[in-house]
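Report on one structure; see the data block that follows.
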Amino acid sequence: MVDVWAFVKDAAKGAGSILTAWRRWGQEDRTEIEKTYRDELSVLQDELNDAESDEEKARIGAEIKRVRDELRSFHRARRELLLSKSLVQRMTPKGAITAGEASLPQAEREVLGAAASVVARLDPPETAEAHFLQGNTFYTVGDYEKALQEYNRSLELRPDHPYTLNNRGVTLDDLKRHDEALADHNRALELRSDDPTVLNNRGNSLQQLRRYEEALADHNRALELSPDDPRTLNNRGATLRHLQRYDEALADYNRALELWPDDPTIINNRGVTLNSRQRYDEALAEFNRSLELRPDHATTLGNRGTTLARLKRYGEALADHNRAVELLPDDPRQVYKRARTLSLMGRLEESLEQLRDAISREPECRQMARDEEDFENLRSDPALGPEFQRLVSEPGR
């Protein structure tokens, strides 16, 4: 039996010649192409049998080898495409995607991503449905830009499909384009009112926009329609945490983990809530458990670093923050968390430099830093305190 995962991973590494061969034949009928090759080989074999000189035999033999090599490449490409399609079809969500979807392990995402790239190049989608499913595949592997391109193409061909609008909205949220995401979810609900998946996703968009009461209303309605959806419970837990209703948030996370016991995202979120309640040892245990399941998740590493700093384990905290920034170099929130820990450690010049970097890339960090207790060492320093105050004050003041 063929090991699909291993084959696709290996084939993707050396697919250049295969792809070249496949493109040569375009979208013509593959069965007819194979017959043409075999007919050509038959003719060449007859010519070889009739050849009289060694020079003519050598020339025909070389031609036979070339045709056989091309036919072998054709078969290899067809096998790669069939195996890749099988894997993509097996692993790709078929309908609406939900914010908070359980993610595949990293190794499986890599293999699925390789298979999706093979399918996209060898047999590019043409219909709205094919672009929709291709978008779902790229979303599943975390390639949100490619997912967005596929959903856009699908909506050009089928403008009012509610689940494509929904899935594009989820993707836009992951790309931090929350206003556009909200518009997609609103349109999807006009087409399919009271759909619990879309309601949950709109609630997530509203939460990202800090419209927490509206978000809670959507999450509540979604759970009325689908009471035991762990993704909605997880997202409502996050909204309740932002509303500082921590016990209710923990209850939602606990229920979600009864349904999905080993989901690292929900475990991480429960740790964040315990951290907010200053239950640092419990929070640390949650982050450790989440990282056992997904070792290089930058957000969880940053959160664990924050908890370790609260426990005054500064060296370990800084190591986590450094690793989180290394994994997510474009995320200013991870830089901001590192700046807080550096302030607690008394490394004030470094803290100020990191904070300046975070604010330059995400101005919201300015407001976050203004009343942050972890910056007290920096705030009260005679030499650097005035610069800190200028940095966190409103622009123009």
Side-chain angles (χ1 to χ4, degrees), residues 27 85 88-103 112-113 116-117 119-121 123-227 229-236 238-239:
Q27 297 299 315
K85 275 188 171 180
V88 167
Q89 289 168 1
R90 179 151 50 94
M91 302 300 296
T92 296
K94 300 301 184 289
I97 288 173
T98 307
E101 198 85 53
S103 59
L112 181 57
S117 296
V119 173
R121 287 179 290 179
D123 194 18
E126 296 179 352
T127 66
E129 177 66 16
H131 283 290
F132 170 75
L133 292 172
Q134 188 82 310
N136 286 1
T137 302
F138 283 125
Y139 182 86
T140 301
V141 301
D143 193 336
Y144 302 129
E145 291 289 355
K146 284 186 180 177
L148 181 61
Q149 292 171 13
E150 294 297 330
Y151 293 138
N152 286 342
R153 182 64 182 130
S154 182
L155 285 165
E156 289 174 7
L157 300 169
R158 186 174 55 176
D160 287 329
H161 188 248
Y163 284 158
T164 309
L165 287 161
N166 170 79
N167 292 7
R168 186 172 71 174
V170 174
T171 304
L172 286 165
D173 265 331
D174 282 304
L175 291 169
K176 312 298 183 187
R177 295 163 60 175
H178 304 305
D179 288 310
E180 296 170 77
L182 181 59
D184 271 354
H185 293 316
N186 285 339
R187 179 61 182 144
L189 284 168
E190 289 174 9
L191 298 164
R192 192 177 179 86
S193 61
D194 271 357
D195 185 292
T197 297
V198 185
L199 281 164
N200 173 37
N201 291 336
R202 185 173 72 174
N204 189 60
S205 295
L206 289 163
Q207 178 204 121
Q208 298 294 334
L209 291 166
R210 299 191 173 194
R211 293 162 60 176
Y212 300 128
E213 294 292 350
E214 295 170 79
L216 184 59
D218 271 355
H219 293 321
N220 287 342
R221 179 61 182 148
L223 285 166
E224 288 173 10
L225 297 163
S226 182
D229 187 338
R231 298 157 297 190
T232 308
L233 287 163
N234 175 55
N235 289 337
R236 186 173 71 173
T239 298

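The first residue of the sequence shown is numbered 1, and numbering continues consecutively from there. Atoms considered below: every heavy atom in the structure, side chains included; atoms not considered: hydrogens, waters and symmetry mates. It should be emphasised that the depicted structure is a prediction, and the values quoted were computed from it without experimental measurement.
- When the side-chain hydrogen bond (donor to acceptor under 3.5 Å, both in side chains) test is applied to S154, no partner is found at least two apart in sequence or on another chain.
- Just one of T92, D174, N167 meets the side-chain contact (heavy atoms from CB on, under 4.5 Å) condition when paired with Y139; it is D174.
- The pair E129-R158 meets the salt-bridge criterion, with a side-chain N (NZ, NE, NH1 or NH2) lying under 4.0 Å from an Asp/Glu carboxylate O.
- The existence of a salt bridge linking D195 and R192 is confirmed by a sub-4.0 Å separation between a basic side-chain nitrogen and an acidic carboxylate oxygen.
- Taking 4.5 Å as the limit, every side-chain heavy atom of H131 sits out of range of all side-chain heavy atoms of N152.
- At least one side-chain heavy atom of H219 sits under 4.5 Å from a side-chain heavy atom of Q207.
- Distance OH/Y151 to CZ/R168: 11.0 Å, rounded to 0.5 Å.
- N200 pairs in a side-chain hydrogen bond (donor to acceptor under 3.5 Å, both in side chains) with only one of the listed residues (D229, N235, N166), which is N235.
- Taking both residues in full, the closest heavy atoms of L233 and P227 are given as CD1-O, 4.4 Å, listed atom of the first, atom of the second, then distance.
- We find that R153 and E156 are joined by a salt bridge, their nearest charged nitrogen and carboxylate oxygen being less than 4.0 Å apart.
- The shortest distance between side-chain heavy atoms of E150 and T171 does not fall below 4.5 Å.
- Between L165 and P159, the closest heavy-atom pair is CD1-O, 4.3 Å.
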Checklist entry - Where do Q208 and D179 land on the side chain to side chain contact (heavy atoms under 4.5 Å, CB included) test, with the steps shown first? => result CA-CA 9 Å; Q208 298 294 334; D179 288 310; over 6 Å; no

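- The ring pair (Phe, Tyr, Trp, His ring centres under 6.0 Å) test applied to H161 returns F132, not counting sequence neighbours.
- Here the CD atom belonging to Q149 is positioned 8.0 Å from the CG atom belonging to D143, to the nearest 0.5 angstrom.
- Within the 4.5 Å cutoff, no side-chain heavy atoms of T232 are placed close to those of P196.
- Closest of all the heavy-atom pairs between A215 and G203 is CB-O, 3.2 Å.
- Taking both residues in full, the closest heavy atoms of N136 and K94 are given as ND2-C, 4.0 Å, listed atom of the first, atom of the second, then distance.
- Closest non-hydrogen pair, Q134 versus A116, comes out as NE2-O, 4.0 Å.
- Heavy-atom minimum distance, G113 versus V141: N-CG1, 3.5 Å.
- Checked against side-chain hydrogen bond (donor to acceptor under 3.5 Å, both in side chains), D173 has the following partners two or more places apart in sequence or in another chain: H178, S205.
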Item to check | D184/L172 under side chain to side chain contact (heavy atoms under 4.5 Å, CB included): CA gap, chis, key distance, verdict | outcome: CA-CA 9 Å; D184 271 354; L172 286 165; 3.5 Å; yes

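- Taking the side chain as every heavy atom from C-beta outward, D194 and L199 approach each other to under 4.5 Å.
- A heavy-atom distance below 4.5 Å is not found between the side chains of V170 and T98.
- Here the straight-line distance linking atom CD of Q89 with atom OG1 of T137 works out to 9.0 Å at 0.5 Å rounding.
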